[in-house]
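See structure below.
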Protein chains: 2
Amino acid sequence: MAAADLFAAVGYEATSMASVARGAGVTTTTIYWYFEDKETLLVAVLDHLLQETLAGLGDRDDESPVDLLMWVVDRLTEQRRLVSTVHALAGRSPTVAVWHDAFHELTDAMLAEGLRQEGVPEPLVPATTRLGVFAIEGLVMHPLSRAEQRAVLELLSTVR
Amino acid sequence: MAAADLFAAVGYEATSMASVARGAGVTTTTIYWYFEDKETLLVAVLDHLLQETLAGLGDRDDESPVDLLMWVVDRLTEQRRLVSTVHALAGRSPTVAVWHDAFHELTDAMLAEGLRQEGVPEPLVPATTRLGVFAIEGLVMHPLSRAEQRAVLELLSTVR
DNA sequence: TACGTTTCTTGAACGCCATGCAAGAGCAAA
DNA sequence: TTTGCTCTTGCATGGCGTTCAAGAAACGTA
């Protein structure tokens with residue numbers, strides 16, 4: 001998909017529908033036959049990216065929890081621009097908001113399950129999950145050195 | 001400032017320079033005489049809001065740390081739309097990025113100082129500060145009940 | 001093979017937006 | 001009164017997301 005490349009290269013906002021069409025060798029109107037609007041196109045790209053990432057995650061359920069989180073942070077950091085685009089758009093576009101909510105439902109559940117297997121007591125799981133998600137999003141959005149990232153995640157693993 | 005009202009009412013993206021001008025009873029060109037572009041106007045509004053919030057914070061340095069954080073989260077949540085706008089724009093606009101960095105430098109320092117006074121050991125201050133900031137931003141961006149918010153902040157205060 | 005219907009593509013438009021520019025009003029100093 | 005500066009205006013420009021009427025291509029049916 002040409003849109004995915006452009007979103008990754010210059011970002012969603014800087015990508016015009018005309019440039020997507022040019023990249024696909026068609027006209028803008030053709031894009032609109034397949035996707036209702038630009039936001040729907042974005043959601044399609046997000047779904048595609050999510051599939052890829054989930055597949056990659058399946059290949060490494062052997063590593064330690066912190067290493068696993070670091071890997072997820074790395075993948076999301078590669079798409080930092082899209083992440084903040086989604087957050088900004090979710091507040092004003094129902095289309096993107098639906099995807100964003102579904103995404104969190106999925107990832108929050110995965111993290112919660114991981115925490116349970118690490119022995120986090122059940123009543124603490126919800127709040128710990130949320131704090132974990134917030135930490136991941138924070139690490140993705142604010143550039144820190146690898147050591148600093150790890151320090152935050154290690155600190156996070158001391159809550160009780 | 002008319003721009004501040006419009007940004008708060010409908011958001012930055014949905015606010016056209018024409019509507020700002022109309023609200024101020026002038027022409028768009030006049031706005032451009034005072035502000036270089038729309039992003040510079042945004043930064044002026046952000047500065048204004050920050051001044052107000054800092055003043056309000058000065059009136060309540062008596063409350064408990066968690067209550068203080070809750071209050072900050074409340075103020076930021078009222079401006080949730082602007083918060084995510086700033087995050088999205090900081091990645092592609094130098095103007096907004098500069099303001100965003102300065103904002104974090106200020107607020108991170110304030111939080112770090114608060115943590116020291118709460119007895120957090122010095123070597124843990126940097127990572128704890130970051131985790132705290134991430135928690136605040138997460139709470140601002142994701143709607144949770146008051147009890148859930150408090151649970152996350154209480155959990156956060158148990159790290160060591 | 002021919003025809004009707006559905007699927008896909010196109011070029012040209014529309015309305016909105018942020019921004020630029022040349023000209024002029026208002027006003028103070030000389 | 002003239003000069004020069006600050007401020008405001010109307011108009012224009014180029015780009016954007018999106019729409020629409022029209023036609024081409026593909027396909028099922030006879």
Side-chain angles (χ1 to χ4, degrees), chain A residues 1-49 79 81-100, chain B residues 1-49 79 81-100:
Chain A
M1 209 179 278
D5 298 339
L6 283 166
F7 288 172
V10 301
Y12 171 80
E13 292 83 357
T15 300
S16 69
M17 292 299 267
S19 71
V20 172
R22 211 176 309 122
V26 291
T27 314
T28 56
T29 323
T30 300
I31 309 284
Y32 277 94
W33 196 88
Y34 291 96
F35 304 95
E36 197 179 328
D37 51 26
K38 197 183 177 185
E39 289 165 3
T40 308
L41 174 60
L42 171 64
V43 166
V45 169
L46 293 174
D47 274 333
H48 180 244
L49 253 38
Q79 304 292 339
R81 246 194 310 228
L82 277 188
V83 172
S84 75
T85 294
V86 168
H87 275 138
L89 243 40
R92 91 188 98 107
S93 148
T95 310
V96 178
V98 164
W99 187 90
H100 176 255
Chain B
M1 209 180 279
D5 297 340
L6 282 166
F7 288 172
V10 301
Y12 171 81
E13 292 84 357
T15 300
S16 69
M17 291 300 266
S19 71
V20 173
R22 211 175 310 122
V26 292
T27 314
T28 57
T29 323
T30 300
I31 308 284
Y32 277 94
W33 196 87
Y34 291 97
F35 305 96
E36 196 181 328
D37 51 26
K38 197 183 176 185
E39 289 165 4
T40 308
L41 174 60
L42 172 63
V43 166
V45 169
L46 292 173
D47 274 332
H48 180 243
L49 253 37
Q79 305 292 340
R81 244 192 312 225
L82 277 188
V83 172
S84 76
T85 293
V86 167
H87 276 137
L89 242 41
R92 91 189 99 107
S93 148
T95 311
V96 177
V98 164
W99 187 89
H100 177 254

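In the text below, chain A, chain B and the rest are named by the order of the sequence lines, each starting its count at 1. Side chains are part of it too, since the values below use all heavy atoms of this structure and drop only hydrogens, waters and symmetry mates.
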Collect all protein-nucleotide pairs involving nucleotides 9-11 of chain D in which both atoms are nitrogen or oxygen and the distance is under 3.5 Å.
residue	atom	partner	partner atom	Å
D:dT9	OP2	B:Thr27	N	2.9
D:dT9	OP2	B:Thr27	OG1	2.9
D:dT9	OP2	B:Thr30	OG1	2.9
D:dT9	O5'	B:Thr27	OG1	3.1
D:dG10	O6	B:Thr29	OG1	2.7

Quick test: give all pairs of protein nitrogen or oxygen and nucleotides 24-28 of chain C nitrogen or oxygen below 3.5 Å, distance rounded to 0.1 Å.
none

- Item | side chain to side chain contact (heavy atoms under 4.5 Å, CB included) involving A:Glu13 - partner list, sequence neighbours excluded |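 Side chain to side chain contact (heavy atoms under 4.5 Å, CB included) check on A:Glu13 returns A:Thr85, B:Arg92.
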
- Please list, chain by chain and in numerical order, all residues satisfying side chain to side chain contact (heavy atoms under 4.5 Å, CB included) with B:Val10, sequence neighbours excluded.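 Partners of B:Val10 under the side chain to side chain contact (heavy atoms under 4.5 Å, CB included) test: B:Ala14, B:Thr15.
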
- Task: Would you check if A:Leu6 and A:Tyr12 make a side-chain contact, meaning some heavy-atom pair closer than 4.5 Å?
- Result: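 A side-chain contact is absent here, since even the closest heavy-atom pair is not under 4.5 Å.
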
- Any side-chain heavy-atom pair from A:Leu41 and A:Phe7 closer than 4.5 angstrom?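 A side-chain contact under 4.5 Å exists here.
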
How long is the line joining [atom1] of [X] and [atom2] of [N], in whole Å?
| X | N | atom1 | atom2 | value |
| --- | --- | --- | --- | --- |
| A:Arg22 | D:dC16 | CZ | P | 8 Å |
| A:Met17 | C:dC14 | CE | P | 21 Å |
| B:Ile31 | C:dT19 | CD1 | P | 12 Å |

- Message: So, taking the atom named CG in A:Leu82 and the one named CG in A:Leu49, what distance separates them when rounded to the nearest 0.5 Å?
- Response: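 If we round to the nearest 0.5 Å, A:Leu82:CG and A:Leu49:CG are 6.5 Å apart.
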
- Would you give the length of the straight line joining atom CG of B:Leu42 to atom CZ of B:Phe35, rounded to the nearest 0.5 angstrom?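 That separation rounds to 11.0 Å.
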
- Message: Using a heavy-atom cut-off of 4.0 Å across all strands, would you classify A:Thr15 as base, sugar-phosphate, or nothing?
- Response: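 Since only primed, P, OP1 and OP2 atoms lie under 4.0 Å of A:Thr15, the category is sugar-phosphate.
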
- Message: Restricting to non-hydrogen atoms, name the atom on B:Ala24 and the atom on B:Ala2 that form the minimum distance, rounded to 0.1 Å.
- Response: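 Heavy-atom minimum between the residues: N-CB, 4.0 Å.
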
- B:Ser84 versus A:Ala88, closest heavy-atom pair with distance: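 Closest approach of B:Ser84 to A:Ala88, heavy atoms only: OG-CA, 3.7 Å.
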
- Among B:His100, B:Lys38, B:Glu39, whose side-chain hydrogen bond (donor to acceptor under 3.5 Å, both in side chains) with B:Ser93 holds?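 For B:Ser93, the side-chain hydrogen bond (donor to acceptor under 3.5 Å, both in side chains) test succeeds with only one of B:His100, B:Lys38, B:Glu39, which is B:Glu39.
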
- Item | Residue pairs involving residues 21-33 of chain A (criterion side chain to side chain donor-acceptor pair (under 3.5 Å); sequence neighbours excluded) |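 Checked against side chain to side chain donor-acceptor pair (under 3.5 Å) - neighbours excluded - no pair reaches residues 21-33 of chain A.
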
- For DNA chain D, determine which residues of residues 33-42 of chain B have any heavy atom closer than 4.0 angstrom to one of its atoms, and list them numerically.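 Only B:Trp33, B:Tyr34 qualify.
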
